[in-house]
Every structure is written in C-alpha cells, then in structure tokens.
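Remarks on the structure that follows.
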Amino acid sequence: MTPDQLSGALSAALASAVADGALALPADAVPGSVHVERPRQREHGDWATNVALQLAKKAGTTPRALAEELARRLEAADGVKSVEVAGPGFLNITLDAGAAGELARTVVTAGAAYGRGDALAGQVHNLEFISANPTGPLHIGHTRWAALGDALARIMRAAGADVTAEYYINDAGAQMDRFGGSVLARARGTEVPEGGYRGEYVKELAAQVLEARPDLLDLPEEEALVVAREEGYRLQLAEIRAVLEGFDVHFDVWFSERALHESGAVEQAVERLREQGHVFDSEGAVWLRTTDFTDDKDRVMIRANGEPTYFAADAAYYLSKKDRGFPGKIYLLGADHHGYINRLKAIAACAGDDPETNIEVLIGQLVNVGGARLSKRAGNIIELRDLVEWIGKDAVRYSLARYPADTPLELQGEDMLKQTNDNPVFYVQYAHSRTCAVDRNAADRGVVRTRPDGTDAFDPSLLTHETESVLLGRLTEFPRIVGQAAELREPHRVARYLEALAGDYHKWYAECRVLPYPDEEVTDLHGTRLWLNDAVRQVLANGLDLLGVSAPERM
RNA sequence: GCGCCCGUAGCUCAGUGGAUAGAGCGUCUGCCUCCGGAGCAGAAGGUCGGGGGUUCGAAUCCCUUCGGGCGCACCA
C-alpha cells in the first residue's frame, strides 16, 4: 500500500463520515487529499496523520473525537491492520505486512522508472547555471553550482518537467580585452597589465596560444591583442567544456553573450522594451524604468557613450529565453549576485511576463575553504579539475549536492582529503554494492526469484521483521521525495533520503539474512528477501543517478 | 545606512507547524563460526544565538536584538 493509496482511504473515510452525518463538516472543508507521513517514532506505526487536529475546529468537535471516528472507519480499509489515536489526536496507522511488502515487487517491476513522477508534468524550464567567464578555470564555487544545477536538471526531469540546461558565456565586454592583454603579456614574457589576470594558468594558455599562432609576437599590437584574446578564449572555453564533461555535467545549450551583441539582439531588446513603455532617456543615456516594478533604482541600458551595458545584454538574454519558448526561466546564481534578483525580475515584468512564475532566481551561498591546499596553476583558487583529481568525481558531486544551496559551506582544507573515506557517498555506494554482492551469490545458494512452477517466489506477508517494515516504508517515500526535491529545487533531499535508505538497508542486512546458511533449507522467505534486496538496489541506483553519482557493483 | 542569506551536539550539517530535535565526523565500549566490517549495536555530548509574540502545539511563522557571510555602478 502506497502513501497515496492510504491518503485516498483516509479521504474516503472522511467523506463517508460526512455522508453519514457522523461528521458535521461543510463540503468545502473536506480536503481533497490527506497528508500522511512517516512518524519519527517506530511505535507510532507505519504512517501517521494530523488531519483530525486540523479539522476538529471546523467540524465543531474535539480532535480526539474526530480521530476516533476516522480510526473506526479506516480500520475497515483493505491493507490496514490497525489504527490508533494518540496524543492530542494523531492517527497512527499500521499496515498489514502483506500490503506493505507488496511494495518490493512494485519497485522491481517499475525498475528505473520507480521514483519518476508527474509533479512537474507539462512544465517547460530553462535552467541556467555556472555561466562563468571564459577567462579562467572553473573553481570550487562554480563546482557547487555544477553539482547542484546538473542534479536539479535531472531531478526536475524525473518529476516530468521539460528542462533545458544552459550555460551563458560572458564572452563580450571589457574583461575579455583584459584577458587578451594578459595572455599577450605572458606570451611576450612581460608583466600582466594593471587589472589583468595574473593566475598561473594564463602562462599555460599563452604557451598554447603561441603554439597555435607562432606569428603572434610579430603581429601589430592591435591584431596581436585580438589573436591573443580569441585564441585564449577558444582554449579556455574548450577547457571548461572538457572539465564539465569529465564531471558528468551536461549542458544542452552554450549561449554566447557576444552573439546577442553581434546579431543586434541587444538593440532590439531596448526597442522592444521601449514599446512596452518602460524605457526612457536621461543624461544622454538610455534607461529601463525597473523601479516600476521590484527594483530600487532604474538601470542604464545604453551608456552616454553609446555602449550597451551588461544589464542591456541581460535583458536581451532574458528575451531570448522567452522567445525560445521557455515559460520558466531559472537562474542559479552565487550569493554575490543576489543584488541582481530584483533587476532580473524587473526585466521579466517589463517584458510583460509574470515575475512570480516566469522567472526564478536561486541564490547559492559561496563555499569557504579554510587553510585549503592551493591550486598549482591558478594561484589562490581551487579548481574543479583539481578537486576531481584529488577526491574523485563521485565524492565531489555528492558532498556538494547533499547541502541546500543556501547553506554557507565551510570546507576545511585539511579535512577535505581525509574526509574522502568518511564521505557519506561511500556509505550509500557501499549499500548499493552490497545489494549487488548478495545478488551475485544468490544463484549459487539456490535462492531464486521465481519458483519452478513459474510463479514469483515472493510472499510479502513474510516481511515481518522490524527492519523490513522500516525498509519498506522508506522505499515508499522515494517518489514523493523526488517530487518534493523537484518542486522545492532542493536536490539535497534526494541525497539525505539515500543516506537514510542506506542506513535502513545496512541495519536490515545485519538482522535478516537473504541467503541461507549452507545447511539451511531454501524457502520463500529467502526468495522474498531477494526481491526486497533488488528493490533497495534499484532505488539506490535511481537516486544516485539523479545526483550524477555512480552506483558501483563492487568497491 | 538599506537589502538578501545563515546562527541547531566539540566539528561539518539535516530537520517546508506536530509526538522524546537527528546524521556523519571526533571520543568511549562491544560485534567478523558462514550473504562484503567502507558495516552493525551501544554510551557520552543540546538554554535549536538571546528576548517577546501567534498557535492546542514553534528549531520551523511574526516582531525585536546580537553575531557571521554577501550585495547596494553609465564594472563585468
């Protein structure tokens, strides 16, 4: 019995009580669905609900009286073993072992589809994340957005959304020229100009640029600057893409800011917003009246010198997303960009969109690294590729994805390496590989999933052990965890769930043998437990996949 | 000064109004005579930063205060 089915049974109990006149509740106060949850305490049954506490006042009765009424009716439902009224009016529900155990077969049958749902069905989103300048390597801050953003894309898709993952390449503007100047200076072996890029990686880029363009140093100054900039850009972007690929982070679209300028989209954006009535001229500049909406000051789009601002490109970019057919536009930004939220929302509003639904800005806190081992190449930053090299893709992705984005993360440099074996990712992966080990040995021990007569060697009523009841309950939660993680944009919920599931599995493993002792007869209990073992492996694998972490069969 | 985020065990952090606030690490004690010990069982460790309020019920919602991070450009 799934929580949805139980919720339905509760609704039916409510409806029948109202129909009988046993419950004086106005029709519009009868909830369409009743929320059930797993109680923290095992003694409180398999499922609990506080519906009686919430409805008692409206029904003009006491919570306990209402709870008693519902308990009587719910106990008659199929699959429900017992219902107790506890405390101020909680309903504590215990399911029949068979009804609960059937879930194992449900999971195995669903396979990779178990956990996928329709919480976000029909939604179309553009999810933009990382979007680091192509003037240097990705560092640990970008790594957090990479792990989080990619996991979020996977989770939202699992919940039924159509998600396009997009990287905005800030390849226009003055910082590109500074980058080019820095590469050129390194190529010449001279000092990097004031305000330039001083990281060691620039030297490496310069060497590669020289390799590709041996004529660089002979070119006239202006041409040399362009060549250094463009070659450096090409190399750095290729590096970023390769590193992300190795990190299993996939983008559907790499969107160039430069393309917005070159195609005239920026000017067009200004004109389109002018038509909407939100653009005005003042002091020689062209402004967007973002204060009509949520911003605290108006923003310049075209400077007095005729140059468009970064903000103008932002507006053009927003319109591009709109034009490309994305009702939902999600931005995953660092906390140092939180001042952008209001102006981005104002752009949406100026464009005639609804800032509440068409744009969503997720702010992630930065990662602090205390006393960290430093990158050899980039100076005082830690690069994504170094992190992966040091502690591995799975450990990096998992340890960044298991925290909410708005948690300021403090990673102790010394611990970072030491932590590898203690990283919860291994706890989860170990549980998965354990299920595989059991599976590998099952046939040798004569344990099978199907009886000789072709029927399933599966009798859910045999799954009566305490740890089995807990494990089954946990498995039923997975689909709604995925749905919640998708709706709340919180991938860490999946990770935390997997840790709990792995814990439940390890406890079960310690208490209940799947495979018989050598001199023991093979029974349906073994076969049934093999089904449960299969179900756990499937959910662990499905969950790890949502985080972009591998599910190894051996470790 | 204004705004956003965060203060939970020694450390790093979960906990979208429910019952006795949890996990990992660290500390201490047990468990390999059989499915993988990267595991399990147990112990110690808390004024949920402080103070008010709403509620049958608050770590969670509201106000206030203290502490930390970040931001307030015709920069990108």
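By convention in this document, chain letters (A, B, ...) are assigned in the order of the sequence lines, proteins followed by strands, and residues within each chain are numbered from 1.
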When rounded to the nearest 0.5 Å, the distance separating CZ of A/R480 from CG of A/D4 is 7.0 Å
Inset, instruction - Compute the centroid of each ring, for A/F478 and then for A/Y497, and state whether the two points are separated by less than 6.0 Å. - result: yes
Name each donor-acceptor pair under 3.5 Å that joins a side chain in residues 391-398 of chain A to protein atoms two or more places apart or in another chain, with its distance.
unit_1	atom_1	unit_2	atom_2	d
A/K393	NZ	A/D248	OD2	2.5
A/K393	NZ	A/G548	O	3.4
A/D394	OD1	A/S550	N	3.2
A/D394	OD2	A/Q429	NE2	3.0
A/D394	OD2	A/S550	OG	2.5
A/R397	NE	A/L547	O	3.2
A/R397	NH1	A/D150	OD2	3.3
A/R397	NH1	A/F247	O	2.9
A/R397	NH1	A/D248	O	2.9
A/R397	NH2	A/D150	OD2	2.7
A/R397	NH2	A/L547	O	3.3
A/Y398	OH	A/A495	O	3.1
A/Y398	OH	A/E499	OE2	2.6

Q. How are the rings of A/F255 and A/Y168 set to each other: parallel, tilted or perpendicular (split at 30° and 60°)?
A. tilted
The correct set of residues in residues 481-490 of chain A placing a heavy atom under 4.0 Å from RNA chain B is A/Q484, A/L488
Can you tell me if A/F90 is stacked onto the base of B/G18, using a 5.5 Å centroid cut-off and an angle below 30°?
no
Checking N1-N3 plus N6-O4 or O6-N4 for Watson-Crick, or N1-O2 and O6-N3 for wobble, each under 3.5 Å, the partner of B/C40 is B/G30
Whole-Å distance, A/H337 NE2 to B/A73 P, equals 14 Å
Taking only side-chain N and O atoms of A/R343, does any of them lie within less than 4.0 angstrom of OP1 or OP2 on B/C72? no
Notebook entry, point to check: Is the gap between the ring centers of A/W531 and A/F458 under 6.0 Å?
Noted result: yes
Atom CD of A/Q54 and atom P of B/G18 are separated, to the nearest Å, by 10 Å
Are the side chain of A/R440 and the backbone N or O of A/E553 linked by a donor-acceptor pair below 3.5 Å? yes
- Message: I'd like to know if A/R513 and A/E520 make a salt bridge, using a cut-off of under 4.0 Å between side-chain N and carboxylate O.
- Response: no
A/R513 atom CZ is separated from B/G39 atom P, nearest whole Å, by 19 Å
Centroid separation A/F293 to A/H278 less than 6.0 Å: yes
- Counting heavy atoms not belonging to A/E84, are there more than 12 under 6.0 Å from its CD? no
On the six-membered ring of A/Y505, is A/R434 placed so that its NZ or CZ lies under 6.0 angstrom from the centre and within 45° of the ring axis? no
From CZ of A/R554 across to C1' of B/A38 the rounded distance in Å is 16 Å
When A/F311 and A/Y430 are each assigned the nearest nucleotide of RNA chain B, the 5'-most assignment goes to A/Y430
Across all chains, not counting sequence neighbours, the side-chain contact (heavy atoms from CB on, under 4.5 Å) partners of A/T523 are A/L525, A/H526
Quick one: are A/V279 and A/R289 in side-chain contact, heavy atoms under 4.5 Å? no
Residues in residues 517-541 of chain A with a heavy atom under 4.0 Å of RNA chain B, by number, are A/Y517, A/P518
Identify whether NZ of Lys or CZ of Arg in A/R299 sits under 6.0 Å from the centre of the six-membered ring of A/W287 and within 45° of that ring's axis.
-> no
Determine whether the aromatic ring centres of residues A/H506 and A/Y427 are separated by less than 6.0 angstrom. yes
### Message
Strictly below 4.0 Å: does A/K57 bring a side-chain N or O up to OP1 or OP2 of B/U55?
### Response
no
Could you list, one pair per line, each protein nitrogen or oxygen that sits under 3.5 Å from a nitrogen or oxygen of nucleotides 40-45 of chain B, together with the distance?
unit_1	atom_1	unit_2	atom_2	d
B/C40	OP1	A/Y427	OH	2.6

Ranking A/A304 and A/D406 by the position along RNA chain B of their nearest nucleotide, the one closer to 5' is A/D406
Within residues 36-49 of chain A, the residues having a heavy atom closer than 4.0 Å to RNA chain B are A/R40, A/Q41, A/E43, A/H44, A/A48
